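Numbered from 1 within each chain, the chains take letters A, B, ... in sequence-line order. All figures in this text were calculated on a predicted structure; none of them were measured in a lab.
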Number of protein chains: 2
Amino acid sequence: MPKKVDHQKRKIQIAETTWKVIVEEGLEQATVRKIAQASDLSVGAVRHYFASQSELLHFSMELVSERVIQRAKERKYSKEQDPLEFVTEGICEVLPIDEERKIEMEVWLAFSAKVLVDKTLQKLSNKVYQDMHQGLKNVVQALQLLEIAKEGLDLELEVNRLHAIVDGMAMHHLLNPDHLTHEEMIATLNYHLKSLLQ
Amino acid sequence: MPKKVDHQKRKIQIAETTWKVIVEEGLEQATVRKIAQASDLSVGAVRHYFASQSELLHFSMELVSERVIQRAKERKYSKEQDPLEFVTEGICEVLPIDEERKIEMEVWLAFSAKVLVDKTLQKLSNKVYQDMHQGLKNVVQALQLLEIAKEGLDLELEVNRLHAIVDGMAMHHLLNPDHLTHEEMIATLNYHLKSLLQ
DNA sequence: GTTTATTTAATACAAGTGTGCTAAAATAAA
DNA sequence: TTTATTTTAGCACACTTGTATTAAATAAAC
């Protein structure tokens with residue numbers, strides 16, 4: 001009966017185009033019309049998949065976190081690998097080290113600014129914060145279990161610190177790529193992680 | 001001849017009201033009409049002091065950084081004071097520890113998201129980043145000169161790290177006050193600073 | 001080929017935007 | 001009181017916004 005269109009895939013396509021618009025023109029310019037045009041669809045077509053603008057934006061943001069979680073889940077530790085290296089690479093999954101991650105992070109920063117004034121977004125922001133926090137806690141605990149971490153580290157405070165370093169550097173690099181370069185970002189992360197080891 | 005209105009003071013008043021609107025409704029809702037209404041002025045009156053909306057927003061952002069710099073300059077070190085305490089308090093000037101600082105930080109976060117897509121704002125963002133970076137470098141160097149810092153610290157990497165911690169935690173607390181409380185923020189900062197000492 | 005549910009296109013509408021313009025009001029020196 | 005100047009108020013304009021509505025196109029099922 002109907003034209004065969006994979007609903008979910010179409011929604012993801014539109015969401016990814018939404019990212020593009022946000023990165024290029026900002027969240028406030030991510031209007032239904034612009035997104036439709038960038039997607040080569042009519043406004044009505046977009047509206048067919050997303051009943052409202054806020055639904056579309058919410059879906060787009062969720063997709064960012066899903067992508068990051070997806071990548072994190074795919075990582076597997078092999079015993080031959082250097083633990084520090086493995087951990088560093090894992091954390092780099094959420095740093096803006098390439099174009100794909102840069103886009104995700106820029107979208108997330110724009111979203112975060114909106115969280116401050118839009119209560120309906122706080123739940124999602126909250127969830128992502130906690131997922132990330134737990135992920136980093138696992139990292140620090142792994143270092144402790146492997147008995148390569150310094151004695152007497154305060155787990156909670158270390159996680160707070162690591163989390164802040166990761167997000168802080170990501171933001172600094174996005175806003176100021178010339179003053180905190182890609183390389184400095186990685187070097188600083190490595191420096192910090194090494195400071196946790198014996 | 002003319003009515004005696006202190007132009008500069010009026011502009012600052014309007015800018016502060018602009019902060020209020022941004023904090024309450026977001027940067028994209030900071031329209032000339034809303035700002036005028038919140039200032040108990042007509043649109044024409046606001047336009048008399050700021051020729052355009054972007055001029056008004058730019059001025060408002062500059063005022064944020066000026067306020068922070070102002071506070072930093074006023075701080076004086078007395079020899080009786082514990083250096084660690086003095087340093088901690090200094091850094092707290094830029095953490096959202098009270099309502100005033102929270103407002104400034106929220107405004108700044110909203111502004112930062114806009115920097116990504118508005119090239120004309122990057123210069124200001126840049127300047128603030130560098131001022132802050134230099135300030136934190138002075139902090140680390142002070143600890144070194146007082147010979148209470150650990151040997152073998154890498155100055156540049158330490159400053160990168162400290163800067164990321166400060167801004168990262170500030171952001172986390174703004175977005176997630178329940179999960180990174182005021183107290184945890186201070187405790188983590190203290191924990192980090194102590195880790196730099198002998 | 002006809003039917004039918006899904007998908008797309010196009011338009012309309014009310015609300016809100018920045019900004020330009022004009023003239024009134026308020027003020028304090030002459 | 002007069003007058004020059006600053007400050008204010010209000011409206012008009014062209015434009016963009018999200019959303020609702022309606023008609024058209026599409027392709028599988030009968």
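The structure places CD of B:Gln13 at 11.5 Å from OG1 of B:Thr18, a figure rounded to the nearest 0.5 Å. The NE2 atom of A:His192 sits 8.0 Å away from the NE2 atom of B:His192 when rounded to the nearest 0.5 Å. Between atom CG of residue A:Leu63 and atom NZ of residue A:Lys11 there is a gap of 11.0 Å, rounded to the nearest 0.5 Å. Remark: A:Glu16 CD to A:Trp19 CH2 distance equals 5.5 Å, nearest 0.5 Å.
Ion pair B:Glu100/B:Arg67 not flagged as a salt bridge, since none of the NZ, NE, NH1 or NH2 atoms sits closer than 4.0 Å to an Asp/Glu carboxylate oxygen. Under the 4.0 Å criterion applied to side-chain N and carboxylate O atoms, A:Lys102 and A:Asp98 are not assigned as salt-bridge partners.
At a cut-off of 3.5 angstrom, the base of C:dG18 holds at least one donor-acceptor pair with the side chain of B:Arg33.
Taking atom CZ on B:Phe50 and atom P on D:dT8, their separation rounds to 13 Å, with Å as the unit. Summarising the geometry, the separation between CD on A:Glu55 and P on D:dA20 is reported as 12 Å, rounded to the nearest angstrom. Rounded to a whole Å, the CD atom of B:Gln37 is 15 Å from the C1' atom of C:dT17. Rounded to whole angstrom, the span from the NZ atom of B:Lys34 across to the C1' atom of C:dT17 amounts to 11 Å. Here C:dT17 presents its P atom at 14 Å from CG of B:Leu56, a figure rounded to the nearest Å. Rounding to whole angstrom units, NE2 of residue B:His48 and P of D:dT5 are separated by 14 Å. In this entry the distance linking CG of A:Leu27 with P of D:dG18 reads 11 Å, nearest Å. Residue B:Leu41 contributes atom CG, which lies 15 Å from atom C1' of D:dT6 at whole-angstrom precision.
The side chain of A:Tyr49 lies closest to C:dT8, out of D:dT8, C:dT8, C:dG18. Nearest to the side chain of B:Arg47, among C:dA9, C:dG20, D:dG18, sits C:dG20. Ranking C:dT19, D:dG18, C:dT8 by closeness to the B:Ser52 side chain, first place goes to C:dT19. Between C:dT8, D:dT19, C:dT17, one nucleotide has an atom nearer to the side chain of A:Val43 than all others, and that is D:dT19.
Consecutive Watson-Crick or G-U pairing (both distances under 3.5 Å) extending over three or more pairs maps onto DNA chain C as C:1-26 with D:5-30, C:28-30 with D:1-3.
Side-chain N/O atoms of B:Arg10 include none lying less than 4.0 angstrom from OP1 or OP2 on D:dT6. For C:dT17, the OP1/OP2 oxygens have a side-chain nitrogen or oxygen of B:Thr31 closer than 4.0 Å.
Summary of the strand contacts: B:Gln53 and B:Gly44 both lie near DNA chain C, and taking for each the nucleotide with the nearest heavy atom, the more 5' one is attributed to B:Gln53.
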Inset, instruction - Tell me, with the steps shown, if B:Leu196 and B:Lys150 meet side chain to side chain contact (heavy atoms under 4.5 Å, CB included). - result: CA-CA 6 Å; B:Leu196 301 182; B:Lys150 276 199 182 114; over 6 Å; no
